[in-house]
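The block underneath contains the structure these notes are about, expressed in structure tokens.
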Amino acid sequence: MRVGNNAFRQVGAALGPAVLGALLTARALDTFPAHLADAGITGAAGQSMAETAREGGLGAVARMNLGAGTGQALGAGTGQALGAVGDAFLDGLRLCLIVAAALTLFAALVSAILLRRPRGTSTSTVTASSSGEPAAAQAHAG
């Protein structure tokens with residue numbers, strides 16, 4: 001049983017962050033253009049930022065403020081663009097937390113069902129006697 005538990009733990013440790021990270025990224029990139037529009041960044045600048053986010057992620061948009069000579073500077077809309085990046089990231093994070101909470105509740109429910117003791121089961125096999133040996137061991141020895 002121990003090997004099974006370790007296998008499930010390993011799978012969960014690998015898949016959990018990967019799935020939640022994919023959800024965060026997908027949701028953030030989906031909502032980013034709307035947050036840009038809400039911030040007042042439209043037209044070519046908004047399209048350029050949205051394209052940069054699709055290609056390199058939200059971090060690439062945050063790094064766009066390279067200067068006026070590069071052709072990718074955020075310019076006067078730097079504060080609004082970074083605010084839109086933050087809002088999009090928070091949308092993705094909110095989805096991740098909802099999914100993680102739902103999965104945690106599901107796991108707790110499954111655990112409660114699987115670990116429930118049948119009614120009428122005595123606990124005498126796990127209690128210790130005065131000599132320090134389990135009661136089941138004394139019954140077999142005597």
Side-chain angles (χ1 to χ4, degrees), residues 1-67 70-142:
M1 188 69 169
R2 187 176 220 175
V3 173
N5 287 339
N6 285 335
F8 283 120
R9 189 177 301 134
Q10 290 290 327
V11 170
L15 285 179
V19 170
L20 291 177
L23 286 174
L24 185 144
T25 301
R27 177 69 176 174
L29 292 178
D30 284 347
T31 62
F32 183 58
H35 286 296
L36 283 174
D38 290 346
I41 300 173
T42 57
Q47 288 176 352
S48 173
M49 288 181 210
E51 183 64 29
T52 300
R54 277 191 297 277
E55 291 176 4
L58 293 176
V61 176
R63 290 186 298 269
M64 281 178 73
N65 198 19
L66 302 174
T70 63
Q72 287 192 1
L74 295 176
T78 299
Q80 291 88 348
L82 294 180
V85 167
D87 290 342
F89 178 79
L90 288 176
D91 281 346
L93 188 61
R94 198 171 294 121
L95 176 65
C96 284
L97 291 175
I98 290 169
V99 169
L103 289 174
T104 301
L105 288 174
F106 176 73
L109 180 65
V110 168
S111 297
I113 290 170
L114 293 178
L115 295 177
R116 249 182 52 200
R117 287 190 177 176
R119 293 176 191 233
T121 302
S122 69
T123 58
S124 63
T125 57
V126 293
T127 59
S129 67
S130 60
S131 65
E133 293 183 34
Q138 283 184 351
H140 291 298

| query | Quick one: are M49 and F32 in side-chain contact, heavy atoms under 4.5 Å? | reply |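 M49 reaches F32 side chain to side chain.
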| query | Any side-chain heavy-atom pair from L24 and L93 closer than 4.5 angstrom? | reply |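 A side-chain contact under 4.5 Å exists here.
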Nearest heavy atoms of [X] and [Y], plus distance in Å:
X: A37; Y: T42; result: CA-CG2, 4.3 Å
X: L29; Y: A53; result: CD2-O, 3.3 Å
X: A100; Y: L20; result: CB-CD1, 4.3 Å
X: P17; Y: A13; result: CD-O, 3.2 Å

| task | Check whether any side-chain N or O of T25 sits under 3.5 Å from a backbone N or O of G21 as a donor-acceptor pair, and report yes or no. | result |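 A pair under 3.5 Å: yes.
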Straight-line distance of [X] [atom1] to [Y] [atom2], nearest 0.5 Å:
X: Q47; Y: I41; atom1: CD; atom2: CD1; answer: 13.0 Å
X: L82; Y: D87; atom1: CG; atom2: CG; answer: 11.0 Å
X: L95; Y: D30; atom1: CG; atom2: CG; answer: 10.0 Å
X: L90; Y: T31; atom1: CG; atom2: OG1; answer: 9.5 Å

| task | Take D91 and R94, measure what salt bridge (charged side-chain N to carboxylate O under 4.0 Å, His left out) needs, and give me the verdict at the end. | result | CA-CA 5 Å; D91 281 346; R94 198 171 294 121; 2.9 Å; yes
